Amino acid sequence: MKYTLYLFIFLSLSVSSQEFIETSLIGETKLDADTFLSTNNFDTTFYILDNVLFKHSKETKGIDIGYSNFQLGNIFSVNTFNPLKINVFYKNFNTVIVLDNRLAEIFKIDFNALPDYKNVSHVATGSDNTFWIFNENTQQLELFDYKTKTKRAQTLPIKSTVLDIKSNYNNCWVLTEKQLFVYDYFGNLLKKIKNHGYTSIEIDNENIIFKKDNTLFYMKKDSETIVPINLPNLLINQFYVTNETLYIYNKENLQKYQLKIN
């Protein structure tokens with residue numbers, strides 16, 4: 001009976017270890033970019049080339065519009081979750097520029113000039129007029145209102161190096177070297193999961209896609225089971241996910257895959 005139980009457990013583990021998310025290639029386009037950022041179902045694509053943020057869309061009739069601010073150094077990150085309030089973070093100058101949908105400046109926050117100085121390492125979009133920022137001075141995640149220059153919420157200190165931050169209007173996901181933390185709009189910790197070597201994440205309707213080396217993994221929002229995504233052997237420089245559609249950029253082509261989620 002004992003051996004039968006062991007055999008059952010072994011077979012169960014074997015089956016679960018073979019689970020993966022199937023994909024199918026549904027499109028591919030050429031893209032000349034240093035960094036691919038995001039795209040959507042309306043074929044609007046954001047990318048960085050030569051330290052210039054570009055937007056390619058049907059409304060521009062094939063002419064990509066761009067934004068640059070070379071006096072602030074290199075672009076560290078761009079968040080396009082809200083296409084009407086795009087956040088461009090210049091880490092070396094501790095500054096965020098907010099752009100509208102035509103890539104025109106509508107707001108600038110220099111964290112060096114605030115009375116309550118903040119040394120920011122990561123930025124993500126919040127609701128209304130807010131950013132999620134990670135303040136390295138306090139090791140805390142803050143929901144910062146950039147119009148009133150005040151913080152609406154903050155978390156307890158995070159005692160691990162932050163690798164990536166993603167957000168939507170309700171929650172913020174913070175990937176550190178040790179764990180993934182999920183916070184609500186008020187800075188309350190909702191969940192934490194051990195990090196098994198993942199270095200970046202994307203969020204799709206609160207489902208999480210992890211990247212480790214050259215492999216992607218998927219975790220449903222109401223689960224803690226992480227399964228690999230079955231993909232051809234290809235270079236993954238950047239990736240993005242929206243509505244169960246996965247985009248992968250390999251420095252030459254932007255490939256579009258449909259995720260087959262059970």
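Computed over heavy atoms, backbone and side chain alike; hydrogens, waters and symmetry mates excluded. Please read all numbers here as calculations on a predicted model, not as lab measurements.
Interatomic distance, CD1 of I97 versus CG of L103, reported as 12.5 Å (0.5 Å rounding). Within the model, atoms CG of N233 and CD1 of I236 stand 9.5 Å from one another, a figure rounded to the nearest 0.5 Å. Put simply, CH2 on W132 and CD on E142 are 10.0 Å apart, with the number rounded to the nearest 0.5 Å. Atom CZ in F210 sits 4.5 Å away from atom CE in M219 (nearest 0.5 Å). Atom CG of L72 and atom NZ of K108 lie 5.5 Å apart (nearest 0.5 Å). Distance CG/N94 to CG/N112: 4.5 Å, rounded to 0.5 Å.
Residue-environment remark: NZ (K147) stays at or below the threshold of 12 foreign heavy atoms within 6.0 Å. Counting non-hydrogen atoms of neighbouring residues, nucleotides and ligands closer than 6.0 angstrom, the CG atom of L235 exceeds 12 such neighbours. Atom CZ of F70 has more than 12 heavy atoms from other residues, nucleotides or ligands within 6.0 Å. Under a cut-off of 6.0 angstrom, the local environment of NZ in K251 is crowded, with over 12 non-hydrogen atoms contributed by other residues, nucleotides or ligands.
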Worked verdict on I248 versus L216 for side-chain contact (heavy atoms from CB on, under 4.5 Å): CA-CA 10 Å; I248 294 177; L216 300 180; 4.2 Å; yes

side-chain contact (heavy atoms from CB on, under 4.5 Å) evaluation trace for I86 with K55: CA-CA 11 Å; I86 299 165; K55 176 184 177 181; 5.8 Å; no

Evaluation steps, side-chain contact (heavy atoms from CB on, under 4.5 Å), between Y247 and T242: CA-CA 8 Å; Y247 296 86; T242 179; 3.9 Å; yes

Verdict with supporting geometry, K256 and L25, side-chain contact (heavy atoms from CB on, under 4.5 Å): CA-CA 6 Å; K256 181 178 180 181; L25 179 65; 5.6 Å; no

Verdict with reasoning, F81 to Y169, per ring-ring contact (aromatic ring centres under 6.0 Å, His included): CA-CA 9 Å; F81 178 75; Y169 294 132; 4.9 Å; yes

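L37 and Y90 fall within the same hydrophobic cluster, where Ile, Leu, Val, Met, Phe, Trp and Tyr residues are linked whenever their side-chain heavy atoms come under 4.5 Å apart, directly or through other members. In the hydrophobic cluster analysis, where Ile, Leu, Val, Met, Phe, Trp and Tyr join through side-chain heavy atoms closer than 4.5 angstrom, L254 is grouped apart from F46. There is no path of hydrophobic side-chain contacts, each under 4.5 Å, that joins I165 to I133. One hydrophobic cluster, built from ILVMFWY side chains closer than 4.5 Å, holds both F239 and V227. Put simply, Y146 and L114 are part of the same group of oily side chains (I, L, V, M, F, W, Y) that touch within less than 4.5 Å, one to the next.
Here the side chain of D145 pairs no donor or acceptor atom with the backbone of K151 at under 3.5 angstrom. A donor-acceptor distance shorter than 3.5 angstrom exists from the side chain of Q140 to the backbone of T155, with no hydrogens or angles considered. Side chain of D213 to main chain of T215: no donor-acceptor pair is present (N/O by atom type, distance under 3.5 Å, no hydrogens or angles). A donor-acceptor pair is defined here as one N or O able to donate and one able to accept, closer than 3.5 Å; no such pair exists between the side chain of N237 and the backbone of T35. Side-chain atoms of K260 do not come within 3.5 Å of backbone N or O of I21 as any donor-acceptor pair. Side-chain atoms of N79 never come within 3.5 Å of backbone atoms of A124 as a donor-acceptor pair (strictly under, hydrogens ignored). For the pair N101 (side chain) and P83 (backbone), a donor-acceptor distance under 3.5 Å is absent. Judged by distance alone, the side chain of N230 and the main-chain N or O of T23 form no donor-acceptor pair under 3.5 Å. Between the N51 side chain and the I75 main chain, a donor and an acceptor come within less than 3.5 Å of each other. The main-chain N or O of N207 is never found under 3.5 Å from a side-chain atom of N205 such that the two would form a donor-acceptor pair.
Using a 4.5 Å heavy-atom threshold, the side chains of Y249 and Y240 count as separate. Residues V162 and V174 meet the side-chain proximity criterion, which asks for heavy atoms closer than 4.5 Å. Looking at N87 and V98, their side chains come closer than 4.5 Å, going by heavy atoms from C-beta outward. I208 has its side chain within reach of I203: a pair of non-hydrogen atoms, C-beta onward, lies under 4.5 Å apart. With a 4.5 Å cut-off on side-chain heavy atoms, K220 and I261 count as touching. For the pair N250/E252, a side-chain contact is recorded, criterion being any heavy-atom separation below 4.5 Å from C-beta on. Counting only heavy atoms from C-beta outward, the side chains of N69 and Q71 approach each other to under 4.5 Å. No side-chain heavy atom of N170 sits less than 4.5 Å from a side-chain heavy atom of Y185.
Closest approach of V52 and G66 over heavy atoms only: CG1-CA, 4.2 Å. Closest approach of G197 to K212, counting heavy atoms only: O-CG, 3.4 Å. Across L234 and Q255, no two heavy atoms sit closer than the pair CD1-OE1, 2.8 Å. Listed here is the closest heavy atom pair of L141 and C172: CD2-SG, 3.8 Å. Here the closest heavy-atom approach between residue F20 and residue E22 is recorded as CE1-OE2, 3.2 Å. When every heavy atom of N243 is checked against every heavy atom of Q258, the shortest pair comes out as O-NE2, 4.4 Å.
The one candidate from F134, F144, Y117 that meets the ring-ring contact (aromatic ring centres under 6.0 Å, His included) condition with F111 is F144. Here the rule is side-chain contact (heavy atoms from CB on, under 4.5 Å) with Y218, and of L246, V241, I229, T225 only I229 fits it. Looking at N40, T39, T29 one by one, the single match for side-chain contact (heavy atoms from CB on, under 4.5 Å) with T45 turns out to be T39. Each of D128, T125, N129 was checked for a side-chain hydrogen bond (donor to acceptor under 3.5 Å, both in side chains) with K85, and the lone residue meeting it is N129.
Using a 4.0 Å cut-off between a side-chain N of Lys or Arg and a carboxylate O of Asp or Glu, K118 and D116 qualify as a salt bridge. A salt bridge between K166 and D164 is present, with a side-chain N of the basic residue lying under 4.0 Å from a carboxylate O of the acidic one.
Aromatic ring orientation, Y183 versus F181: parallel (interplanar angle below 30°, classes split at 30° and 60°). Between F76 and H122, the angle of the ring planes goes over 60°, which puts this pair in the perpendicular group of the 30/60° scheme.
Y67 and E105 are linked by a side-chain donor-acceptor pair at a separation below 3.5 angstrom, with hydrogens and angles left out of the test.
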